[in-house]
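To keep things clear, I will list the structure first and then write my remarks on it.
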2 protein chains.
Amino acid sequence: MAEGQAPASYRNENLLFLTDEQLRQGIEAMFFAYRGFTADPDRILSDMAYGRAHHRAVHFINRAPGTTVNNLLNILGVTKQSLNRVLRTLIEDGLVESRVGKADKRERHLYLTEEGRALEQTLSDAQRARMRMAFRDAGPDAVAGFRRVLEAMMDKEMRFAYTRLKDNTP
Amino acid sequence: MAEGQAPASYRNENLLFLTDEQLRQGIEAMFFAYRGFTADPDRILSDMAYGRAHHRAVHFINRAPGTTVNNLLNILGVTKQSLNRVLRTLIEDGLVESRVGKADKRERHLYLTEEGRALEQTLSDAQRARMRMAFRDAGPDAVAGFRRVLEAMMDKEMRFAYTRLKDNTP
DNA sequence: AGCATACGTCAGTCTTGTTGACATTCCAAG
DNA sequence: CTTGGAATGTCAACAAGACTGACGTATGCT
């Protein structure tokens, strides 16, 4: 893509010049790609009584079993009331189990049930399939660049959360 | 990043192998980065009576002045009722002008007013600033990879829309 | 003349975010 | 030991922004 054209950006004395047009294309790429990114799980969820918020909760509980509500709150970046509604339905439906903390009884530790793991699997299978295709199409060097840019785009606290998750599962 | 570790992916006879873990990290990177991506405009908009939906409309009207409602509908991927609510407030507030089509009087062509352009500028300045930082941090090769992966992640129709926008503004 | 298209609007619902108020639990200072 | 503040989680009410469905109007095309 754009192989024979002028380079989209160039270095000069270690300084990178970027036109507004290049940046705007990056912005639009992000917008359109995120739509694709969420499309497959959204389609699956729309058949059930769940939405994207449930997907996110299930994803991160699966990723860090036993996490507390507060922990999840920080990762998801929503209010506890908003998360609670989602969590309540998931618990009622038997997808998530909430255990009172041993050391601190105020805390609730969250786990996926067998059924919860099944849903997580279905959703992440779909999402991974798209990601795999995109990674294959683009090639390993592009994937490395993709990750580097995304990490640089995160808010600092989110970069911490991301790195922590990444490193806890090697 | 991950310079001294095992490669995140490798080629073998032109076939790219990707572990579920690598894909999941890509998924999480996408999630956290998108939050950062929308954070700055969202902050600005929360002070006004507008939201992310208004930002998107203003962005694409600015990008393709004179675009029709139907066109915008396809780009944004929402229903006309949903877009109409947003558009109505923008027109009432004098940020967007709607002109009856000359050739086809059924169509409405959309333009930003002076005030609309000012808002667009404010929002996109903030968003571009973050994108510029990310691009600078990551470097030009990473940026190329970033774009390649995002394009591969889009739905086909959105890739068309994206490419059309991109090529119309060289 | 008749059907299709583009747009606007009204009404109702759903998801997911918000604030505010409140209950429970923990901990530390008096 | 008690008590008050902080942390954690729950309930209730509301708003933004998406959706569907139905309908009306103006226009275009055959």
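Just so you know, these numbers come straight off a predicted model, no measurement behind them. Chain naming here is simple, since letters A, B, ... match the order of the sequence lines and numbering starts at 1 in each.
Between A:E107 atom CD and D:dA7 atom P there is a gap of 13 Å when expressed in whole angstrom units. The NE2 atom of B:H109 sits 12 Å away from the P atom of C:dA6 (whole-angstrom rounding). Per the geometry, CZ belonging to A:R43 stands 14 Å off P belonging to D:dC19, to the nearest Å. With rounding to whole Å, A:R56 atom CZ is found 14 Å from C:dT15 atom P. Here C:dT9 presents its P atom at 12 Å from CG of B:L83, a figure rounded to the nearest Å.
A tilted orientation is assigned to the rings of A:F60 and B:F31, their planes being inclined by 30° to 60°. Ring geometry for A:F146 against B:F146 counts as parallel: the plane angle stays under 30°, on a 0 to 90° scale with 60° as the upper cut. Between A:H59 and A:H55, the ring planes lie perpendicular to each other; the angle is over 60°, past the 30° to 60° tilted range. Relative orientation of the B:Y50 and B:H54 rings is tilted, given thresholds of 30° and 60° on the angle between their planes.
Closest-nucleotide positions on DNA chain C for A:M48 and B:I91 were compared, and the one nearer the 5' end corresponds to B:I91.
With D:dT8, C:dG17, D:dG17 as the candidates, the nucleotide lying closest to the side chain of B:A53 is D:dG17.
Not a single donor-acceptor pair under 3.5 Å links the side chain of B:R99 to the backbone N or O of B:H109. Panel note: side chain A:Q127, backbone A:T38; no donor-acceptor pair is recorded below 3.5 Å. Checking side-chain atoms of A:S98 against main-chain N and O of A:L110 turns up no donor-acceptor pair under 3.5 Å.
Summarising the geometry, atom OH belonging to A:Y34 is positioned 11.0 Å from atom CE belonging to B:M153; distances are rounded to the nearest 0.5 Å.
For the OP1/OP2 pair of D:dG9 and a distance below 4.0 Å, the side-chain nitrogens and oxygens of A:N84 include no atom meeting the criterion. Between A:T79 and the phosphate of C:dG17, there is no side-chain N or O to OP1/OP2 separation shorter than 4.0 Å. In this structure, A:S82 does not reach the C:dT16 phosphate: none of its side-chain N or O atoms is under 4.0 Å from OP1 or OP2.
The stretch residues 64-77 of chain A does not touch DNA chain C, since none of its heavy atoms comes less than 4.0 Å from the strand.
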Distances under 3.5 Å between protein N/O atoms and the N/O atoms of nucleotides 23-30 of chain D, please, pair by pair.
residue : atom : partner : partner atom : Å
D:dT27  : O2   : B:R106  : NH1          : 3.4
D:dG28  : OP1  : B:A103  : O            : 3.2
D:dG28  : OP1  : B:K105  : N            : 3.1

For nucleotides 13-16 of chain D, list the nitrogen or oxygen atoms of the protein found under 3.5 Å from its nitrogen or oxygen atoms, one pair per line.
none

When the side chains of residues 101-108 of chain A are checked against the rest of the protein, which donor-acceptor pairs come out under 3.5 Å, sequence neighbours left out?
residue : atom : partner : partner atom : Å
A:D104  : OD1  : A:R106  : N            : 2.9
A:D104  : OD1  : A:R106  : NE           : 3.1
A:D104  : OD2  : A:R106  : NE           : 3.4
A:D104  : OD2  : A:R106  : NH2          : 2.9

Output a table of donor-acceptor pairs, distance under 3.5 Å, between side-chain atoms of residues 68-78 of chain A and any protein atom two or more places apart or on a different chain; print 'none' if there are none.
residue : atom : partner : partner atom : Å
A:T68   : OG1  : A:N71   : N            : 3.1
A:N74   : ND2  : A:N70   : O            : 3.4

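By the salt bridge (charged side-chain N to carboxylate O under 4.0 Å, His left out) test, B:R128 pairs with A:D20, B:D125, sequence neighbours left out.
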